[in-house]
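Keep in mind it's a predicted model, so treat the numbers as computed, not measured. Index from 1, following the sequence. Side-chain atoms are counted along with the backbone in the values below, which use heavy atoms only and exclude waters and symmetry mates.
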Amino acid sequence: MAVVAAVAARAWSVAALTGGLRALNGGGGSCCRRRWKRRGAWAGLGRELSAGVPPQAPSQAAGAGLTGAVLRDAVRQQQSTEGGDGKGTDEQQEKKKQKENTAYAKKMVLRIAGLMGAGSGIAIIYIFGSNSVDEHGAKIPDEFDNDPVVIQQLRRSYKYFKDYRQMIIEPTSPKLLPDPLKEPYYQPPYTLVIELTDVLLHPEWSLVTGWRFKKRPGIDNLFQQLAPLYEIVIFTSETGMTAFPLIDSVDPHGFISYRLFRDATRYMDGHHVKDISCLNRDPAKVVVVDCKKEAFRLQPFNGMALKKWDGNSEDRTLFDLAAFLKTVALSGVEDVRSVLENYSLEEDPLEAFKRRQSQLEQEEQQRLSDLSQHKKKQLFLGSLASRLWPRSKQQ
């Protein structure tokens, strides 16, 4: 359509040019010019007759020549446009081939990965589904020997991974601590289970030193104050390889009685939970201190959640914790859960304890003040009566 429009536009321009020539020929030009144009027209007419072309008027011949030139230009433009379209088609074909090659490569990669996965699965089933062997290399019979070979392999593999998962989820033993000490050995009346990371230590990392653990102010005071009253147990969600040397650095004097690590926790909903029922201790005498309430979610009234320590050197939390636990132990509380339940809804239980303690001290001071005033009144009345008694006796 664009080519036809261009040809039409040029045809209109040719027509206008032809009309102008006609006006020029019909005007009052010089005789020589008219003769020259007539001779040129007759010569053109002769050439057309010799070529077998029907004779045309001079103006028509000129218009036809211009029209032919316009058509030739249009044909050239059409050819150039078709050549551009051909290049665009080639590019589209190349892109299509690239997409096809990419899709084919993806299919091949997926097939190879599927074959490797299937081979790995078969190898795992073969390795973990075989019978166990004794020290002499003989197979140990089990309950799956009567099944078909493939079923045997599958059931043994399933049992192995089930037991392994259970080992991760459940604590390593139903009794994480040994039995309490008996006389003549001394067994503290209470048990303190405390977290290591973010309660006693704060991990810090830098490009120069790497990972380092900062010791919280008041650790030595805490252990010294509570060691006679509490059996101190470090129960952390860290692995033993990481936590064991840290505990040695925290407790150089040996106040800590036992150490429990991640494998002793119960894994529930993405959290490592410390199950008090597996400690082999009376739950009424156990206090758990952690910075996460999820750590003692199974026994919520046995725990106290402290704020996570951010490494501040001016922190006084462990001093307040020592005062609180010492007060509980010296009070001879029969069940610590009745005390900790009162602080379970507090955002900062130690701050609430300090507030209540100061309030009790004020009330006690007020009571002592009232009592002293009452005694003063009694003394005053007694002295007054003693003064009046001799007089009445003399009368």
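To the nearest 0.5 Å, atom CG of residue Asp251 and atom CD1 of residue Ile219 are 9.5 Å apart. With values rounded to the nearest 0.5 angstrom, Leu222 atom CG is found 7.0 Å from Leu200 atom CG. In this structure, Arg216 CZ and Asp198 CG are separated by 9.0 Å, a value rounded to the nearest 0.5 Å. Once rounded to the nearest 0.5 Å, the distance linking CD of Glu195 with NZ of Lys308 reads 10.5 Å. To the nearest 0.5 Å, the span separating OG1 on Thr236 from CG on Leu246 amounts to 9.0 Å. Between the CZ atom of Phe255 and the CG atom of Leu192 there is a distance of 13.5 Å, given to the nearest 0.5 Å.
Every residue two or more places apart in sequence or in another chain that forms a salt bridge (Lys or Arg N to Asp or Glu O under 4.0 Å) with Glu334 is listed here: Lys285.
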Under the criterion salt bridge (charged side-chain N to carboxylate O under 4.0 Å, His left out), I'd like the reasoning laid out for Glu346 against Arg356: C-alpha separation, chi angles, the key distance, then a yes or no. CA-CA 12 Å; Glu346 297 288 345; Arg356 295 179 185 182; 3.5 Å; yes

Test Gln153 against Ser130 for side-chain contact (heavy atoms from CB on, under 4.5 Å), laying out the working first. CA-CA 6 Å; Gln153 298 290 119; Ser130 302; 3.9 Å; yes

Run the side-chain contact (heavy atoms from CB on, under 4.5 Å) test on Val287 and Thr191 for me, step by step, so that the C-alpha distance in whole Å, both residues' side-chain angles and the decisive distance to 0.1 Å come before the verdict. CA-CA 6 Å; Val287 179; Thr191 300; over 6 Å; no

Using the salt bridge (charged side-chain N to carboxylate O under 4.0 Å, His left out) rule, take Arg259 and Asp248 through it: C-alpha gap first, then chi angles, then the decisive distance, then the call. CA-CA 11 Å; Arg259 308 174 182 191; Asp248 289 338; 2.7 Å; yes

Please determine whether side-chain contact (heavy atoms from CB on, under 4.5 Å) holds for the pair Leu177 and Leu260, giving the CA-CA distance in whole Å, both sets of side-chain angles, and the decisive distance to 0.1 Å. CA-CA 9 Å; Leu177 299 180; Leu260 298 174; 4.2 Å; yes

Let's go through Tyr258 and Glu231 carefully: what are the C-alpha distance in whole Å and the side-chain angles of both, what is the deciding distance for side-chain contact (heavy atoms from CB on, under 4.5 Å) to 0.1 Å, and is it a yes or a no? CA-CA 8 Å; Tyr258 301 103; Glu231 181 184 32; 2.9 Å; yes

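Nearest approach of Lys215 to Ser249, heavy atoms of both residues: NZ-O, 4.3 Å.
By the 30° and 60° cut-offs, the orientation of the rings of Phe324 relative to Phe353 is perpendicular. Ring geometry for His202 versus Trp309: interplanar angle over 60°, hence perpendicular rather than tilted (30 to 60°).
In summary, Arg337 and Asp335 engage in a salt bridge, as defined by a charged side-chain N under 4.0 Å from a carboxylate O. Between Arg297 and Asp290 there is no salt bridge, since no side-chain nitrogen of the basic residue lies less than 4.0 Å from a carboxylate oxygen of the acidic one.
Val328 and Ile194 fall within the same hydrophobic cluster, defined by Ile, Leu, Val, Met, Phe, Trp and Tyr side-chain heavy atoms under 4.5 Å apart, directly or through other members. Both Tyr343 and Tyr230 are members of a single hydrophobic cluster when ILVMFWY side chains are connected at heavy-atom separations under 4.5 Å. The cluster map of Ile, Leu, Val, Met, Phe, Trp and Tyr, joined by side-chain heavy atoms under 4.5 Å apart, puts Phe223 and Leu201 in the same cluster. In this structure, Met268 is not a member of the same hydrophobic cluster as Phe235, with clusters built from ILVMFWY side-chain heavy atoms closer than 4.5 Å. No chain of hydrophobic side-chain contacts below 4.5 Å, direct or via other Ile, Leu, Val, Met, Phe, Trp or Tyr residues, connects Val333 to Val288.
Both tests do not hold together for Lys274 against Phe296: distance to the six-membered ring centre under 6.0 Å, angle to the ring axis within 45°.
Just one residue in the list Gln152, Arg156, Arg155, Lys159 forms a side-chain hydrogen bond (donor to acceptor under 3.5 Å, both in side chains) with Asp142, and that residue is Arg156.
With 3.5 Å as the limit, one finds no donor-acceptor pair spanning the side chains of Lys292 and Ser237. Checked by atom type, the side-chain pair His272/Thr265 shows a donor-acceptor distance below 3.5 Å.
Atom CD of Glu347 sits in a sparse spot, with 12 or fewer heavy atoms from other residues, nucleotides or ligands closer than 6.0 Å. Within 6.0 Å of NZ on Lys139 lie no more than 12 heavy atoms contributed by other residues, nucleotides or ligands. Environment of OH in Tyr158: sparse, with no more than 12 heavy atoms of neighbouring residues, nucleotides or ligands closer than 6.0 Å.
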